[in-house]
Amino acid sequence: MLDQILAQQTIAAVKEIFDTDIGQELNLIQKTRKEFDGDLTIVVFPLTKILRKSPQLIGEELGKYLQTHSGMVQAYRVVSGYVNITIKPSFWKDVFIRNYGDPSFGILKPAAEDPVVIEYSSPNTNKPLHLGHIRNNLIGYSLARILGACGENVVKVNLVNDRGIHICKSMLAWQRWSRGETPESAGMKGDHLIGKYYVLFENAYREQVKELVGAGMTEEEALRQAPLMGDAQRMLKKWEERDKETLALWHRMNQWAYNGFDETYRQMGVDFDRIYYESDTYLLGKELVEEGLRQGLLQRKEDGSVWADLTAEGLDWKLLIRSDGTSVYMTQDLGTAQMRYDEFHPKKLIYVVGNEQIYHFDVLKLILKKLGKRWSDSIYHLSYGMVELPEGKMKSREGKVVDADDLMQEMFVTAGKMTRELGKLEDFSDEEASGLFRQVGLAALKYFILKVDPMKTMVFNPEESIDFNGNTGPFIQYTYARIQSVLRKAAVPEMSGNDFFSIDYQPIPKEISLIKILAVFPSTVREAGEMYSPAVIAAYVYDLAREYNQFYHDHSILKATEPAQVHFRIELSRFVGNVIKTAMGLLGIEVPEKM
RNA sequence: GGUCUCGUAGCUCAGCUGGAUAGAGCAGCAGCCUUCUAAGCUGCGGGUCGCAGGUUCGAAUCCUGCCGGGAUCACCA
């Protein structure tokens, strides 16, 4: 905001001094590097070519002009092509006074516009959530909050993949080998129980394939011919034919999975406004395909399978209906997208889905377009990178996955251990303590994941990754808790209006540094929204917390020398605390009053 | 092989819409608690920004090529 004002003033100054119009897009203003005096810097090099004058001369002229005309420039120094500008301290004080009491500082109210629909999580009901889902959920939930703070009308949706061949695998295995085991009888969360049978199926299936290969079959053929696979396919067929017994089993087991997921989401602190089930949308997808077929936009082969010809678009043919009449993932997604569009008419349809599905979404958009859906352009695939372990990719088949429930549980335990070691539990009840462990443990996990650019592949080391010191969630929570502690001790009522600021108090440099960071919070939120990146918020709030801790260490708040300073510092601290809380909220992270 | 993506300190990551001497945290070393919470603060060491060209007054950032890792190109989801 301040940089934009200065940019405008600089453009005006150039016009005034040199009688030359320069573009808006020149990007002349940057933050002054900390080894130089000043707040903002004008880079004059881009102007030298246009004005045909030396950097030194341009710099001097601009500095002189701005100092007398700008109203906010205290001083300037020209250093080898850079004009370092110091903003008047009173200006920073004004920024503070205008905003310090605003609880929604940086947060815009939702506009009455078409909503932004954001899908995340998208679990399969054949196995429990793992670390990859955690990243997905955290990014999706945080992004929903950030876009909301940017004034968007956000609808959070989940799409449960509750049908398909993989679901049949779990069902089949359970039917064969469970002897009627239930989550209650096994003492397991439902999603974990189902996952167990999915693994059983995969193991038995691989066993069969190995045998067939041993008997002389090619691997490819064996994968297709193994009896278990045939059984699963027949089950899927029966399911699509609404076979009563199959449906009953399906309902029963899916309910187990949902109960398990609900528990995981509750622990994680994410939620949804609307849940879609693919069993409800795949038929609509089939209808769309039938319609496309009638209009000659799609093609049917002799064996009955239906395809989209994307060769004109530089891609291949894409299957939409199998020869046995059952539908594939793409078919379902067509229906899901249509249903969402019909329901919300969103201006943007965001899918938080892993980068392994980039191709899938390219194809999805193309097929929708082919079917005449103009709104396919509003689809945005937010493709995030995979989470890898130190030894490489997670492999579900080899049991090399970090389970979401286990991981969160470990986080709570570790947080408890840390807290006890630090002796911080004196005035906590047991209930308060376990609440704190949850807050701190989750903060460590969430912040660790969200501080990384969503697009990038990241490495998670279960033993070492989670820290509670340094650039971490607990560090930021700690800063907040410290502030609250000071405020409790201060025991002065929150100031109303500007009463004590009429006193002629000028903030010291460290206080100004803090105000400078606070001042860019609104634009930071907007940037995070534009970039679809919670990492921007994470970097910001860490920066703020670090700066505050330095301030806190170097300067006494309650024992400052004069009353005006005490009051100012209390309100400054409160302001910092509020922004920390807001920013952490945008990441889906809670902050404790004490820790 | 085609397409896409990533490569920055021992490790995990910022910086990437071009700007001054490339930043944090962890790990290592050395300090700071009779004073508002030491999950904190201060200092030190640590870099051919994968390599080579190009564009530019200026490149970690943009372009090209190469090397290395990953993803994807299923009648899986």
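Labels below follow one simple rule: chain letters A, B, ... track the order of the sequence lines, proteins then strands, and each chain is numbered from 1. FYI, side chains are in, hydrogens and waters are out, and symmetry mates aren't considered; it's all heavy atoms of this structure.
Between B/A77 and A/Tyr329, no contact under 4.0 Å exists linking OP1 or OP2 to a side-chain N or O. At the phosphate of B/G70, neither OP1 nor OP2 sits under 4.0 Å from any side-chain N or O atom of A/Lys393. Remark: A/Asn469 is in phosphate contact with B/G40, judged by side-chain N or O atoms under 4.0 Å from OP1 or OP2. Residue A/Arg322 has a polar side-chain atom (N or O) positioned under 4.0 Å from OP1 or OP2 of B/C76. An OP1 or OP2 oxygen of B/U42 is reached within less than 4.0 angstrom by a side-chain nitrogen or oxygen of A/Gln550.
Rounded to whole Å, the separation between the P atoms of B/A52 and B/U5 comes to 23 Å. A distance of about 9 Å separates the P atoms of B/G2 and B/C66, rounded to the whole Å. Look at the P atom in both B/A27 and B/A20: the space between them is 31 Å, to the nearest Å.
A/Met386 comes within 4.0 angstrom of nothing in the nucleic acid, heavy atoms only. Using a 4.0 Å heavy-atom criterion, one finds that A/Ser80 contacts no nucleic acid atom at all. If you check every strand for non-hydrogen atoms under 4.0 Å, A/Met595 touches a base. Among the atoms of the strands shown, only primed sugar atoms or phosphate atoms (P, OP1, OP2) are found under 4.0 Å from some heavy atom of A/Asp453. Residue contacts shown for A/Ala539 are absent, as no nucleic acid heavy atom lies under 4.0 Å away. A/Phe45 comes within 4.0 angstrom of a nucleotide base, judged by non-hydrogen atoms across all strands. Residue A/Lys594 is in base contact, counting any heavy-atom pair closer than 4.0 Å across all strands shown. Base engagement by A/Asn84 is indicated by at least one non-hydrogen atom pair under 4.0 Å involving a base atom. At a threshold of 4.0 angstrom between heavy atoms, the contacts of A/Gln477 with the nucleic acid are absent.
In this model, no side-chain donor or acceptor of A/Asn355 finds a partner on the base of B/C4 within 3.5 Å. Contact of A/Thr41 with B/A20 (side chain to base): a donor-acceptor pair of N or O atoms is detected under 3.5 Å. Not a single donor-acceptor contact under 3.5 angstrom links the side-chain atoms of A/Thr48 to the base of B/C57.
Atom CH2 in A/Trp307 sits roughly 6 Å away from atom C1' in B/C75 (whole-Å rounding). Between the P atom of B/A74 and the CG atom of A/Leu364 lies a distance of 17 Å, rounded to the nearest Å.
Remark: side-chain polar atoms of A/Thr331 are paired, donor with acceptor, to backbone N or O of A/Leu320 under 3.5 angstrom.
Cation-pi geometry between A/Lys581 and A/Tyr480 is not met: the NZ or CZ atom fails to fall both under 6.0 Å from the ring centre and inside 45° of the normal.
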